[in-house]
2 protein chains.
Amino acid sequence: MVKKDKSRRTEILEKAAILFHKKGYSATSVRNIAQEMKMESASLYNHIKSKQEILQAILLPIAHRYTKGIQEISNSPLTSIQQLERIIADQIRITIENIDGVSLIPNEWVHLEKTKERDALKEFLDLRNLYEKEFKKVFKKCIKEGYLRKVNVDIAVFSILSTLRWLYSWYSKNQKINPLVLETELINNLIGGLKKT
Amino acid sequence: MVKKDKSRRTEILEKAAILFHKKGYSATSVRNIAQEMKMESASLYNHIKSKQEILQAILLPIAHRYTKGIQEISNSPLTSIQQLERIIADQIRITIENIDGVSLIPNEWVHLEKTKERDALKEFLDLRNLYEKEFKKVFKKCIKEGYLRKVNVDIAVFSILSTLRWLYSWYSKNQKINPLVLETELINNLIGGLKKT
DNA sequence: GTCTATAAGTCGATAGAC
DNA sequence: GTCTATCGACTTATAGAC
């Protein structure tokens with residue numbers, strides 16, 4: 001089976017993600033994106049409806065991917081601590097697969113808007129809330145079943161998610177590392193801790 | 001002693017930090033800042049030279065504060081593990097004191113520019129590199145002296161700094177927490193780990 | 001599907017009256 | 001030190017020729 005050519009639209013989304021990552025959504029002009037595509041900015045509009053639609057087309061599929069992943073894992077027959085480790089591993093994989101897209105998740109979502117087609121801001125925030133709720137549920141189960149210490153759940157979950165949110169930044173500068181080493185090391189640090197016992 | 005009136009310039013920097021936090025530097029216009037000050041945008045220029053100067057006046061003092069803090073701690077006679085804990089506590093304090101300003105550190109520094117007066121981008125990045133170098137030095141000493149496990153230093157330090165970088169975001173939504181509880185809990189999680197032993 | 005031309009608005013910043 | 005007025009550049013997006 002021959003791989004289908006990358007559509008022009010997909011190319012635009014990829015170039016845009018790189019530019020948004022580098023300078024942010026607001027500081028990136030439609031002309032900048034066109035230049036990367038070696039087109040005039042007017043030509044872009046044959047493939048996309050607006051600059052806003054580009055941002056939505058990058059961010060929302062990633063947000064859906066995260067939520068789908070955590071739901072599948074938390075509905076699986078794994079033990080709670082295994083689920084927690086899998087959820088962390090899943091986030092690491094999503095990040096490595098699409099650094100530029102994922103890099104927009106922590107901050108650039110604020111530029112999502114409600115458009116005629118969809119309320120992208122609400123859609124994103126709903127998915128994010130669902131994800132955090134699911135994450136905390138699994139985390140609490142790990143405590144209840146005696147896998148983890150009785151820590152403050154809000155603080156501990158925030159701390160783990162912070163590391164995962166910033167992974168894109170670290171990974172862009174350290175791409176040579178073996179992803180499986182990264183996965184193992186990170187899970188050990190985040191859950192096991194650093195202190196010598 | 002009577003507290004000196006807040007200068008008009010300081011007010012501008014505070015309002016600007018809030019807006020930059022909310023929408024980012026690029027998406028915030030000089031007119032937006034003026035509106036918060038209940039002035040016309042032209043009037044702002046009696047207090048500041050340019051929009052860029054505002055960003056520099058917010059970010060660079062914070063960057064200097066971080067670096068000064070870590071250097072004082074790492075030159076103190078504390079043990080390496082005590083230094084590490086103090087460094088983390090210092091970051092938490094800086095964040096709580098100035099959430100809006102600190103919120104710009106992770107991402108908005110990319111909009112710093114070289115101006116006639118100073119090369120703000122270079123200045124910032126030099127300070128950041130110095131900070132990370134110092135942090136890793138202390139961390140390595142903790143391993144060498146047997147306080148911490150022999151983990152991958154780059155990954156572990158990135159992970160800790162990620163949590164501290166994102167603290168502003170979590171704290172803005174959880175300001176009711178006792179800062180000392182936050183400090184203790186976070187240091188325990190980051191260094192001690194979550195696993196039940 | 002790409003182009004040129006351009007609309008309609010916003011941007012940061014300045015000049016000069018008061 | 002604040003205002004009105006305005007400059008010139010840049011913004012997203014559209015119209016219409018090819």
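We name chains A, B, ... by the order of the sequence lines, and we start the count at 1 in each one.
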What is the separation between atom [atom1] on [X] and atom [atom2] on [N], rounded to the nearest whole Å?
X	N	atom1	atom2	result
Glu11(A)	dG1(C)	CD	P	13 Å
His47(B)	dG12(C)	NE2	P	17 Å
Arg8(B)	dG1(D)	CZ	C1'	9 Å
Tyr45(A)	dT14(D)	OH	P	7 Å
Ile33(B)	dT10(C)	CD1	P	17 Å
Ile48(B)	dA13(C)	CD1	P	7 Å
Glu113(B)	dA13(C)	CD	C1'	14 Å

Are there any protein N/O atoms within less than 3.5 Å of an N/O atom in nucleotides 3-6 of chain D, and if so, which ones and at what distance?
residue	atom	partner	partner atom	Å
dC3(D)	OP2	Glu40(B)	N	2.7
dC3(D)	OP2	Ser43(B)	OG	2.8

Is the closest basic N to carboxylate O distance between [X] and [Y] below 4.0 Å?
X	Y	value
Glu11(A)	Lys38(A)	no
Arg65(A)	Asp90(A)	yes
Lys51(A)	Glu113(A)	no

Going by salt bridge (charged side-chain N to carboxylate O under 4.0 Å, His left out), name the residues that satisfy it together with Lys23(A), two or more places apart in sequence or in a different chain.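 Lys23(A): no salt bridge (charged side-chain N to carboxylate O under 4.0 Å, His left out) contacts found.
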[X] and [Y]: side chain donor to acceptor below 3.5 Å:
X	Y	result
Gln82(A)	Thr79(A)	yes
His64(A)	Glu123(A)	yes
Asp100(B)	Ser103(B)	no

In residues 14-27 of chain B, which residues come under 4.0 Å of DNA chain C by heavy atom?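 Listed by number, there are none.
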Under 4.0 Å from any atom of DNA chain D, heavy atoms only: list the residues of residues 49-58 of chain A that qualify, in numerical order.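 Heavy-atom contacts with DNA chain D come from Ser50(A), Lys51(A).
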Output side-chain donor-acceptor pairs under 3.5 Å for residues 153-162 of chain B, partner residues at least two apart or in another chain, one line each.
residue	atom	partner	partner atom	Å
Asp154(B)	OD1	Lys136(B)	NZ	3.1
Ser159(B)	OG	Thr163(A)	OG1	3.0
Ser162(B)	OG	Phe158(B)	O	2.7

Look at the side chain of Asn174(A) and the backbone N and O of Ile177(A), then say whether any donor-acceptor pair between them is shorter than 3.5 Å.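 Absent.
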Considering only residues two or more places apart or on different chains, which pairs with a residue in residues 181-190 of chain B satisfy side chain to side chain donor-acceptor pair (under 3.5 Å)?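 Qualifying pairs: Arg93(B)-Glu183(B).
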